[in-house]
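What follows is a short report on a single structure.
Letters A, B, ... mirror the listed sequences (proteins, then strands); counts begin at 1. Note that these values count all heavy atoms, side chains included, but never hydrogens, waters or copies made by symmetry. Here the structure is a predicted model, which means the values were calculated and not measured.
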Amino acid sequence: MQLFKTPNIRFLKYKYIALGVTALIVLAGVLNITVFKGLKLGVDFGEGTLLRIMLRTPTTEGQIRDLLQTVGLGKSTVQKSGTSGREFQIRAMESNPTKPGEQDQLEAHEALADKIIDALRGDDGAAERARGLVDLNGLDEKSLTALLEEGFPGSGPEAAQKILSYRNQTGIIDDYQVLDGLGIKPEIQTFLKDKTYLGKLTVLSRETVGPQVGADLRRKAVQATIWSLLGMLVYIALRFKLEYGVAAIFTLAQDVLITMSLYSFTNREINLPIIAGILTIVGFSINDTIVIFDRVRENQKLLRGKPLEEVMNISLNQTLSRTIITSGTVFLTVGALFLFGGEVINDFAFLMLLGTIEGVYSTIYLSCPVVLFWQRWFGTKKGGRR
Amino acid sequence: MKKNLQWKVVLALAVVGLAIFLAYPYNDQKIKRGLDLKGGIHLVLQVMTDDSINIETDQEIARVEDLLKKNNITFEKVTKAGLGRIAIAGTLADQEGKTRDLFDEYTRDWDYTFTGDRANLVLKPLVVQFLRDQSVSQAKETIENRVNGLGVAEPLIQRQGNDKIIVELPGVDDPDRVKELIKVTAVLEWKLVKAGPAADEETLLAPYNGQVPEDAEVLKGDPKRGQGGFYLVDRVAVVTGKDLRTIRRTTDEWNNPAVAFSLNSDGGARFEQVTGANVGKQIAIILDNKVQSAPLVEQRIARSTGGIIRGRFTAQEADDLVVVLKAGALPAGIKYLEERTIGPALGADSIRQGLVAGLVAVLAVMTFMIVFYKLSGINAVVALVLNIVILFGALAYFRAALTLPGIAGIILAIGMAVDANVLIFERMKEELALGKGVISAVSQGFSRAFSAIFDSNLTTIISAVFLFQFGTGPIRGYAVTLTISLAANLFTAVFVSHLLFDLTVKKSAKKLSI
């Protein structure tokens, strides 16, 4: 199958327009990050507490926010995850933040998380607890096993395992009826109904980062990114020429900037896994850039008389079907992640979808022009030896 | 079959066979899942290394006082002048020479200076560094012992930087207990009670004119143990946790959980002597400067008897106390800098969704390759499958954990693996379009595309190596899977794929299915 015969698009004819557009996008992004919206740092880089909770009954972000308002945590960000209306992500924020000493910042964040959980629980289960019942949705493995073993020495622990594995899969037991489906004996069910109650909420995860670690992670992420960019610059400069390395770095810097801006525009928080997403986009982009540079390097030997711009156009056309097919398959992969990947991967996939397009664009309209201008300004010999 | 083809087939089979051997049968022990996928606790804690310097300074003050007294050097007093600093007031000028000689001989870890009537001792920087370092490694060891006492499978405890320790405990479901268990300093002391318990400090110190006597200190009772008041106790402990020989959980005469202990011969002798001399007085059992209980000494306690610690423990609290006492005290206090608790349900969800998404993605790409490149596409699919097999073999071999960012790394690698095949196939088409024969187009396709594949893979590997070097947790997980799959990619997409063409395309072939 052939995508097209021999395309002959004069890509670089539009280089000035393209550079102008790029400059505008980057400028808008930089302004947005620095002056307007700014980057929203997640707990990994910005310290604080992130809670993921699951409720027995569906509710809305607004209702949760109202509830938090009453305990002075109205500024907390509440985000629904999934489609069930029962899972939420909450980043704790105090309405009137008090500045605790460096020493107890982490404890202060933790206390906020406790406050949120208490507020959401309300007086749920208070009556039951007063009667000595325990929360079946909150019991840890050891206690549940002990409880059931006491009541049913033979079959108790096995039933406890079934219940735990169900809870580990789904997060919360919303009704005692599910125990039927798990094949738990009726007498054990009656026993459980007698001794336990179903709490309205479970905490799926709870992450707290203190100020010191937040700053540390930030510094390390920046350091890691800069060093890996430098590493690429050196390698490309050695394998190709200095200007190709420089062009690649320009391209990558743009990739990073634009993806960060996308995050800023769409109000998404920057967390550690997102760094992996940004690096992946950079990875695809550099791959793309090198494939084109490689073709230019090869064509410079074959087409000695031609000016560099011409050679680049030919190379871009020759590799066009590959560019489209590869980007297409990447799009396919990331599209699948976006549709089926679930909450945590979803953000990352969204970033990748836009990043793939951006990566191809930056190769054609940033990498190539930079090399071109560099040679014009610094008068590197036409052709090139390699 | 040509001879060098035979060798290539053997090599390819060997590598793939090895990978399968390493990763098969696929299970949790072979391919570890990171905390984000499995659930568990991730803690970063800082060791307050200043504590160890303070302890050293306190001990040195006692030593110096002793040294000066023994050698009949008059001085006013020896005081702590800061972290690792001691000031000696009232050292007479005519004693300086003698004092210098003493310091030269006995306080080698300290630098000293004389200014007028005073002498200053400063702990040498190298020693400070050594003490700090030692306190971190001791803390790490103690935490390891405690965690092992908990019976967590595959805990990860490692040092980070100068004074930090990372603790990762997969699959633990009661984080608060673990955090408490790790954090308690667990310094256990028995001290004679001078007065108390009293409701507040004033009442306590009333018989002493409101002043704390020099050889005593005021301690609070532990509310958790039902001890509300204040105690005035001796500064010097009779015995400490270091003197314990055995320790286990038991029950007291009312069948409540308690902790039984026995002392080693040295501590037992001291205990016997002190209890003998103080019958009728109280002796306080103190954990981390909080009085747990203060039983009355009814009679001399023989060195071999031992005793029990009681204080309204729950069974679990008693168990935990045994664990921490067995593991020993922390040499310095610790502070949590980062705490992450991931429940198993969250990880289970991520895995299920990630798996579905991953499968859909891989199948979609494979279908596309076969539809678009026909039989050659099958080559690419085989290369892709082998790539994934090798990746899992390598993950099992390096015992690297699979994390969510790690999966992102795999996706990038799969994308680049497909790209390698696309590059080669498109090149073959170009060569065919130029009118070259099938065999020559195949070999030209591979050789011409090679430099681009090699350079792009290597560039990305270089960046991944730097990411691994400078990055933290999740970024490292990403770097690891990416590096492994890219290295595997150079092998499968280029070497194995070429081999497959060599094996399947006949010399006389007029057309290539591409």
Notebook entry, point to check: Is any side-chain heavy atom of Asn489(B) closer than 4.5 Å to a side-chain heavy atom of Ser485(B)?
Noted result: no
Check: Is chain B contacted by the side chain of Leu217(A), its backbone, both, or neither, given a heavy-atom distance below 4.5 Å?
Finding: side chain
Next item on the list: Tell me, out of Ile462(B), Val356(B), Asn457(B), who's got the most heavy-atom pairs with chain A below 4.5 Å.
Entry: Ile462(B)
Item checked: Side chain, backbone, both or neither of Arg448(B) within contact of chain A (heavy atoms, under 4.5 Å) -> both
Checklist line | Over-ring placement of Arg218(A) relative to Phe45(A), 6.0 Å and 45° cut-offs | finding: no
Check: Among Ser451(B), Ala364(B), Gly415(B), which has the most heavy-atom pairs under 4.5 Å with chain A?
Finding: Ser451(B)
Margin query: Assess whether a salt bridge exists between Arg177(B) and Glu180(B), defined as any Lys/Arg side-chain N lying under 4.0 Å from an Asp/Glu carboxylate O.
Written below: no
Notebook entry, point to check: Is it the backbone or the side chain of Asp44(A) that comes under 4.5 Å from a heavy atom of chain B, or both, or neither?
Noted result: both
Next item on the list: With a 4.5 angstrom heavy-atom cut-off, could you sort out which part of Phe470(B) is near chain A: side chain, backbone, both or neither?
Entry: both
Next item on the list: Give, as side chain, backbone, both or neither, the part of Glu110(A) having an atom under 4.5 angstrom from any heavy atom of chain B.
Entry: side chain
Could you give the side-chain donor-acceptor pairs of residues 328-342 of chain A under 3.5 Å, partners two or more places apart or in another chain?
{"from": "Thr329(A)", "atom 1": "OG1", "to": "Ile325(A)", "atom 2": "O", "distance (Å)": "3.4"}
{"from": "Thr329(A)", "atom 1": "OG1", "to": "Thr326(A)", "atom 2": "O", "distance (Å)": "2.7"}
{"from": "Thr333(A)", "atom 1": "OG1", "to": "Thr329(A)", "atom 2": "O", "distance (Å)": "2.8"}

Margin query: For the interface with chain A, which of Leu363(B), Thr403(B), Asp455(B) has the highest count of heavy-atom pairs at distances below 4.5 Å?
Written below: Asp455(B)
Check: Contact part of Tyr336(B) toward chain A, heavy-atom cut-off under 4.5 Å: side chain, backbone, both or neither?
Finding: both
Checklist line | Option in Leu423(B), Leu359(B), Val362(B) with maximal non-hydrogen atom pairs under 4.5 Å from chain A | finding: Leu423(B)
Notebook entry, point to check: Quick one: are Glu87(A) and Arg52(A) in side-chain contact, heavy atoms under 4.5 Å?
Noted result: no
Check: Strictly by modelled atom types, are Thr208(A) and Glu339(B) linked by a side-chain donor-acceptor pair under 3.5 Å?
Finding: no
Notebook entry, point to check: For Glu150(A), does the CD atom sit with more than 12 other heavy atoms under 6.0 Å from it, leaving out its own atoms?
Noted result: no
Check: Where on Thr341(B) is there a heavy atom nearer than 4.5 Å to chain A: the side chain, the backbone, both, or neither?
Finding: both
Notebook entry, point to check: Among all residues two or more places apart in sequence or in another chain, which pass the side chain to side chain donor-acceptor pair (under 3.5 Å) test with Ser367(A)?
Noted result: Thr251(A)
Item checked: Proximity breakdown for Gln469(B) and chain A, heavy-atom pairs closer than 4.5 Å -> neither
Notebook entry, point to check: Does Arg322(A) come within less than 4.0 Å of Asp288(A), counting only side-chain N to carboxylate O?
Noted result: yes
Next item on the list: Would you mind telling me which of Ile414(B), Val44(B), Leu458(B) has the largest number of heavy-atom pairs within less than 4.5 Å of chain A?
Entry: Leu458(B)
Margin query: Given heavy-atom pairs under 4.5 angstrom as the criterion, report whether the side chain, backbone, both or neither of Val418(B) touches chain A.
Written below: side chain
Next item on the list: Salt-bridge test for Asp114(A) and Arg206(A): reply yes if a basic N is under 4.0 Å from a carboxylate O, no otherwise.
Entry: yes
Notebook entry, point to check: Can you tell which of Leu482(B), Val360(B), Ile342(B), Thr459(B) has the highest number of heavy-atom pairs within less than 4.5 Å of chain A?
Noted result: Thr459(B)
